[in-house]
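Worksheet: the structure to be examined is printed underneath.
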There are 2 protein chains.
Amino acid sequence: MRLTTKGRYAVTAMVDLSVNQGRGPVTLKSISDNQGISLSYLEQLFSKLRKSSLVTGSRGPGGGYVLAKNVDEINIAEIVLSVDEVLDITECEGKQDCKDGERCLTHGLWDELSVQLYGFLSSVKLGQLMRQSGINHPGSLGNRQFVDSPLLGKQYNEVN
Amino acid sequence: MRLTTKGRYAVTAMVDLSVNQGRGPVTLKSISDNQGISLSYLEQLFSKLRKSSLVTGSRGPGGGYVLAKNVDEINIAEIVLSVDEVLDITECEGKQDCKDGERCLTHGLWDELSVQLYGFLSSVKLGQLMRQSGINHPGSLGNRQFVDSPLLGKQYNEVN
DNA sequence: TAATAACCCAGTAAAATAGTAGGTTATTAC
DNA sequence: GTAATAACCTACTATTTTACTGGGTTATTA
């Protein structure tokens with residue numbers, strides 16, 4: 001599970017579709033203008049989002065993209081995975097010659113962390129992000145950290 | 001908050017230090033051999049880990065690196081942030097001319113998600129990863145997903 | 001039939017990741 | 001002291017990924 005600005009672009013664009021839901025299709029041109037992302041780059045991202053059945057496009061005037069599913073049936077993980085390939089194949093797994101144990105150990109651990117991360121991101125639905133849009137302007141977060149998010153509620157517990 | 005193989009390397013190396021704790025300093029050479037990461041690249045990563053006060057190095061024969069803090073006082077987030085710069089500065093935030101609201105909205109939302117992610121990763125301590133090393137060989141995860149991780153326990157709740 | 005906007009493809013520019021190569025300095029063991 | 005070790009440092013290169021550019025075509029609407 002990788003997480004870069006590419007996935008961020010995709011999530012941002014999907015939120016754009018969410019807030020404009022019901023007002024007809026959203027053109028990539030408008031997202032491009034709003035978010036400052038190049039049109040052609042957006043086309044590439046939406047090609048993947050479309051192939052993942054997250055959006056549906058319609059051509060011609062008045063056309064654009066709409067969400068293919070309900071905002072509460074789309075989670076952040078599938079958006080990110082749709083555009084961010086998940087490669088990260090380690091030599092170890094490929095060769096299967098890790099008899100000293102050390103190598104597999106750490107790889108296995110990271111995999112576990114990846115699964116947890118995926119679990120976390122898949123638990124956050126697009127609808128949640130969208131509905132909280134009103135109270136999430138820059139700076140509204142202040143110095144708060146870690147827990148008690150007004151956006152997602154009690155998603156996890158502090159360990160110590 | 002970015003998450004790439006670079007951060008994975010760092011976490012992997014830190015777990016290596018954890019399991020060898022008490023057995024004296026660990027050389028980068030041994031980590032290089034174990035994990036298949038170039039020595040000089042590791043040196044660059046450890047330079048950052050050292051500046052973040054996560055490890056301390058000792059020179060000469062018998063030297064190497066040890067953890068600067070207890071395994072339960074080091075979390076995954078600080079390891080990742082130590083090597084993965086957190087730039088991701090958006091035009092919007094820099095210019096502060098986002099009066100249409102649309103732009104700030106999505107940016108603020110992503111920031112919120114970043115904070116959540118940071119909270120999640122900072123709740124996982126190095127010690128947890130280390131102690132579970134015995135039961136986390138590749139394939140032990142099976143098809144399990146999302147919740148009920150034997151590694152981290154109940155870290156978060158599914159939303160719906 | 002003209003405008004629109006998705007859809008497609010090939011290439012380039014920029015950035016980040018990963019590695020290479022050469023050092024120096026401090027420490028230990030002989 | 002001297003040799004080996006291993007951190008520590010710097011600059012450069014290769015590779016990969018990210019992001020953008022520029023050209024199309026196809027379907028749809030007015």
Side-chain angles (χ1 to χ4, degrees), chain A residues 1-13 17 20 24-33 35-52 54-68 80-91, chain B residues 1-13 17 20 24-33 35-52 54-68 80-91:
Chain A
M1 184 104 202
R2 189 171 297 173
L3 199 68
T4 64
T5 46
K6 196 179 184 180
R8 170 186 172 149
Y9 277 170
V11 173
T12 297
L17 293 201
N20 286 300
V26 177
T27 66
L28 294 189
K29 180 72 171 57
S30 75
I31 297 179
S32 173
D33 290 341
Q35 317 292 349
I37 310 169
S38 91
L39 180 60
S40 231
Y41 192 45
L42 275 173
E43 281 178 341
Q44 287 169 39
L45 296 181
F46 271 79
S47 171
K48 292 184 176 179
L49 291 171
R50 195 173 56 85
K51 277 161 187 162
S52 301
L54 295 175
V55 298
T56 53
S58 53
R59 300 184 184 190
Y65 285 98
V66 291
L67 297 178
V80 171
L81 287 178
S82 169
V83 298
D84 255 326
E85 352 272 287
V86 78
L87 284 164
D88 279 17
I89 298 161
T90 56
E91 299 173 47
Chain B
M1 181 108 200
R2 188 171 294 169
L3 199 67
T4 65
T5 47
K6 196 178 184 182
R8 170 186 173 150
Y9 276 171
V11 173
T12 297
L17 293 200
N20 285 299
V26 178
T27 66
L28 294 188
K29 180 71 172 56
S30 75
I31 297 178
S32 174
D33 291 342
Q35 318 291 350
I37 310 169
S38 90
L39 180 59
S40 231
Y41 192 44
L42 275 174
E43 283 179 339
Q44 287 169 42
L45 296 182
F46 271 79
S47 171
K48 292 182 178 179
L49 291 171
R50 194 173 56 85
K51 278 161 187 163
S52 301
L54 295 175
V55 299
T56 51
S58 53
R59 301 184 181 189
Y65 284 97
V66 293
L67 298 177
V80 172
L81 287 179
S82 168
V83 297
D84 256 327
E85 350 273 289
V86 76
L87 282 165
D88 281 15
I89 297 162
T90 55
E91 298 175 48

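All values below were derived from every heavy atom in this structure, side-chain atoms included, with hydrogens, water molecules and symmetry-related copies excluded. Letters A, B, ... mirror the listed sequences (proteins, then strands); counts begin at 1. Treat the numbers as computed from the prediction; the structure is a model and nothing was measured.
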- Reckon B:Y65 touches a base, only the sugar-phosphate, or nothing at all at heavy-atom distances under 4.0 Å? sugar-phosphate

- Task: Report the distance from atom CZ of B:R59 to atom C1' of D:dT5, rounded to the nearest whole Å.
- Result: 12 Å

- Give a yes or no answer on whether the side chain of B:T56 reaches the backbone of B:A68 with a donor-acceptor pair at less than 3.5 Å. no

- Query: Can you check whether B:R50 has a side-chain N or O nearer than 4.0 Å to OP1 or OP2 of D:dA7?
  - Reply: no

- Counter-base of D:dA30, judged by Watson-Crick or G-U geometry with both distances under 3.5 Å: C:dT1

- Query: Should D:dA3 form a Watson-Crick or G-U wobble pair with both distances under 3.5 Å, which nucleotide is its partner?
  - Reply: C:dT28

- Note on the structure: To the nearest angstrom, the NZ-P distance between B:K51 and D:dC8 comes to 10 Å

- Between A:G62 and A:S40, who's closer to the 5' end of DNA chain C by nearest nucleotide? A:G62

- Task: Over 60° means perpendicular and under 30° means parallel, so classify the ring planes of B:Y9 and B:Y41, tilted if in between.
- Result: perpendicular

- Per the atom types in the model, does the base of C:dA6 pair as donor or acceptor with the side chain of A:S47 at under 3.5 Å? no

- Protein-nucleotide distance (B:K48, atom NZ; C:dA18, atom P), rounded to Å: 11 Å

- Query: In whole angstrom, what separates A:E43's CD from D:dG23's C1'?
  - Reply: 12 Å

- Do any side-chain nitrogens or oxygens of B:T5 fall under 4.0 Å of OP1 or OP2 in C:dA18? yes

- Message: In this structure, how many angstroms lie between the P atom of D:dT18 and the CZ atom of A:R8, rounded?
- Response: 15 Å

- Query: Is A:L28 touching bases, backbone alone, or none of the nucleic acid, heavy atoms closer than 4.0 Å?
  - Reply: sugar-phosphate

- Query: With sugar-phosphate meaning primed atoms plus P, OP1 and OP2, does B:T27 contact a base, only sugar-phosphate, or nothing at under 4.0 Å between heavy atoms?
  - Reply: sugar-phosphate

- Task: Would you kindly give the CG-to-C1' distance between B:L42 and C:dT20, to the nearest whole Å?
- Result: 14 Å

- Nearest heavy-atom contact between B:D84 and B:G7 is OD2-N, 3.5 Å

- Would you tell me if any nitrogen or oxygen in the side chain of A:T4 comes within less than 4.0 Å of OP1 or OP2 on D:dT18? yes

- Item | B:Y65 side, atom OH; B:L42 side, atom CG - distance, nearest 0.5 Å | 9.5 Å

- Message: Heavy atoms from C-beta onward define the side chain here; which of D:dC20, C:dA3, C:dT17 lies closest to that of A:Y41?
- Response: D:dC20

- With nearest nucleotides of DNA chain D determined for A:G60 and A:G7 from heavy-atom distances, which residue corresponds to the more 5′ nucleotide? A:G7

- Note on the structure: Shortest non-hydrogen pair, A:P25 vs A:S58, comes out as CG-OG, 3.9 Å

- Query: Between B:L49 (CG) and D:dA7 (P), how many Å, whole number?
  - Reply: 13 Å

- Output yes when a side-chain donor or acceptor of A:T4 lies under 3.5 Å from a complementary backbone atom of A:K6, and no otherwise. yes

- Query: Between A:K29 and A:Q44, who's closer to the 5' end of DNA chain C by nearest nucleotide?
  - Reply: A:K29

- Roughly how many Å is it from CG in A:L39 to C1' in D:dT21, rounded to a whole number? 11 Å

